[in-house]
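See structure below.
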Amino acid sequence: MDMQRVFVNEPKLDGNERKYLNECIDSGWISFEGPFVKRFEEGMAQLTNRKYGISVSNGSVALDTSVMALDLGPNDEVIMPTFTIISCAAAVVRVGAKPILVDSDPFTWNMKVEDIEAKITKRTKAIMVVHIYGLPVEMDKITELAKKYNLHIIEDAAEMHGQTYNGKPCGSFGNISTFSFYPNKHITCGEGGMLVTNDEALAERCKLIRNLFFQQGKRYVHEELGYNFRMTNLQAAVGCAQLERIEDTVEKKRHIGHLYTELLKDVQGIQLPVSKKEYADNIYWVYGIVLDDELNIDAKYMMENLSAKGIGTRGFFWCIHEQPVFKRMNLFVGEKYPVAERLARKGFYLPSGITLADEQIKYVVEQLKVCLSNAMK
Ligand SMILES: *Cc1c(COP(=O)(O)O)cnc(C)c1O
């Protein structure tokens, strides 16, 4: 086992993926105009108890589409965590609106909901909720704030396929909710994304934005500028096959998370993910750990050492307010979010893909312990 690589993530494609792809090739339906696209959209809508699913080419443009569909623009503010993927802030900045950042909870790593209300102004139009790494954000509090201040909710559920909050599916809480199907997500189709909503008008706008604002009847006459964000039938074919076994995938993710926790619970120097809250059991999209300050090393050091043992890891998100691209735009000047900054420096995740065998997890834990005890010397 020693020098065999343990990848940070590997997709599992041994269900109906090949069969459905063959159907695409045999029938010639390979573009957006194919039956799997509609079937995948309906499947994701069903998974999230939604009326409409609108497929797009990835999770990042799903966020772009949501921001455009809600008509956000200059002078509008959108509240979001600073500890998230660039795509969230990029979508808001690209339409000329302003991301208003919130620090993280030190234990769940999600945005600190208690900090949101103080950030609401006359310009606030939406809260962009991002469920991070496996535990959902406390949606009751968000929904209450959205009602009180008449705000939209954009729910980025890219890491949450199959997760629930108080028994309701993640992806069912936003005016618009979004998913990604990148290969490290619970459902993948190589690249892909989805918006889900119950609002017919919003769904129609998303479809137009995704498809160049081609109109019914007057196809080449355009009232607004859209994009080609379409998903192909090939991608959707893989997505349909993946969706069929979402329950097994979630079960396997939880097994991986529980095994890591069992093996690591007495190890000094690291903080483990919260395994459950009243509202949800962790789904362990990734198994993140955070190094204690006393260790005096950062995640980068540990990741390099594990890499030398053939173990793939990945660092946590780098905060939005610390991104050079936004600094150059004079955004977030002087802003500080100490919890998120610390997570970005001290946090990383261990191999978490559903192809992992228990022996590989044990090997990762053994090597992690060695690296930690070296660091403590
Ligand atoms: C993966 C991810 C995205 C982006 O999805 P892509 O399909 O890679 O563009 C957006 N938000 C979150 C929280 C993600 O984890």
Side-chain angles (χ1 to χ4, degrees), residues 8-9 11 40 44 48 53-68 78-94 99 101-102 104-105 108-111 126-137 139 142 153-163 165 170-171 173-174 176-196 206 209-210 227-232 235-236 238-239 242-243 249 253 273 282-288 314-320 323 340 343-344 347-349 352-353:
V8 68
N9 181 75
F40 191 33
M44 283 303 295
T48 52
I54 304 98
S55 62
V56 288
S57 37
N58 58 68
S60 299
V61 302
L63 290 166
D64 285 294
T65 304
S66 69
V67 165
M68 289 186 279
V78 179
I79 295 177
M80 68 173 69
T82 188
F83 186 68
T84 185
I85 190 165
I86 190 78
S87 315
C88 300
V92 170
V93 169
R94 281 195 179 115
L101 305 177
V102 173
S104 309
D105 179 280
T108 65
W109 309 330
N110 277 321
M111 78 200 290
I127 304 175
M128 187 180 277
V129 177
V130 190
H131 309 294
I132 305 277
Y133 296 166
L135 273 177
V137 176
M139 289 310 303
I142 305 274
I153 298 175
I154 300 169
E155 181 191 12
D156 181 349
E159 305 175 357
M160 291 292 127
H161 325 62
Q163 175 61 297
Y165 170 87
C170 289
F173 292 96
I176 300 188
S177 304
T178 65
F179 287 92
S180 160
F181 306 112
Y182 188 71
N184 62 0
K185 308 289 157 92
H186 293 135
I187 294 173
T188 183
C189 46
E191 299 283 354
M194 188 78 67
L195 301 109
V196 291
C206 289
I209 292 164
R210 160 189 73 183
Y227 292 85
N228 176 356
F229 286 160
R230 299 183 301 253
M231 174 183 277
T232 69
Q235 291 167 297
V238 176
Q242 291 266 303
L243 182 54
T249 303
K253 282 276 184 187
N282 203 323
I283 201 172
Y284 301 103
W285 171 58
V286 294
Y287 195 89
R314 189 164 290 175
F316 274 11
F317 293 125
W318 195 248
C319 299
I320 297 297
Q323 297 293 346
L343 292 175
F348 64 101
Y349 53 89
S352 308

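In what follows, residues are counted from 1 in the order of the sequence shown. Everything numeric in this text was worked out from a predicted model, so none of it was measured. When a ligand or atom number is given, it counts from 1 through the structure's own listing order.
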Item to check | Test item: Trp285 side-chain N/O and His161 main-chain N/O as donor-acceptor pair under 3.5 Å | outcome: no

Next on the checklist: Let me confirm one number: the OG-CD1 distance from Ser66 to Ile154, rounded to the nearest 0.5 Å.
Outcome noted: 4.0 Å

Next on the checklist: Looking only at protein heavy atoms, which one is nearest to atom 15 (O) of ligand 1, and what is the separation?
Outcome noted: Glu159 OE2, 2.6 Å

Next on the checklist: Between ligand 1 and Gly59, is the shortest N or O to N or O distance under 3.5 Å?
Outcome noted: yes

Next on the checklist: Can a donor-acceptor pair be found, under 3.5 Å and without considering hydrogens, that links the side chain of Thr65 to the backbone of Cys206?
Outcome noted: no

Next on the checklist: Need the ligand 1 atom indices (1-based, order shown) with element for anything under 4.0 Å from a heavy-atom of Ile85.
Outcome noted: 2 (C), 3 (C), 4 (C), 10 (C), 11 (N), 12 (C)

Checklist entry - For ligand 1, which atoms sit closer than 4.0 Å to a heavy atom of Val130? => result 13 (C)

Item to check | Distance in Å, Ile142 CD1 paired with Glu155 CD, rounded so as to fall on 0.5 Å steps | outcome: 10.0 Å

Next on the checklist: With rounding to the nearest 0.5 angstrom, report the CD1 to CZ distance, Ile54 to Phe229.
Outcome noted: 14.0 Å

Next on the checklist: Heavy atoms only: which of Cys189, Ala158, Gly190, Gly192 lies closest to atom 12 (C) of ligand 1?
Outcome noted: Ala158

Checklist outcome for this item: atom 4 (C) of ligand 1 sits nearest the protein heavy atom Ser60 OG, 3.6 Å

Next on the checklist: How far is atom 14 (C) of ligand 1 from the closest protein heavy atom, and which atom is that?
Outcome noted: Lys185 NZ, 3.2 Å

Next on the checklist: Tell me the nearest of Ile132, Asp156, Ile86 to atom 11 (N) of ligand 1, using heavy-atom distances.
Outcome noted: Asp156

Checklist entry - Are the side chain of Gln163 and the backbone of Gly134 linked by a donor-acceptor contact shorter than 3.5 Å? => result yes

Checklist entry - Backbone or side chain, does any N or O of Ser180 fall under 3.5 Å from an N or O of ligand 1? => result yes

Checklist entry - Which atoms of ligand 1 are found less than 4.0 Å from any heavy atom of Asn58? => result 7 (O), 9 (O)

Item to check | Heavy-atom donor-acceptor pair, Glu159 side chain to Tyr133 backbone, under 3.5 Å | outcome: yes

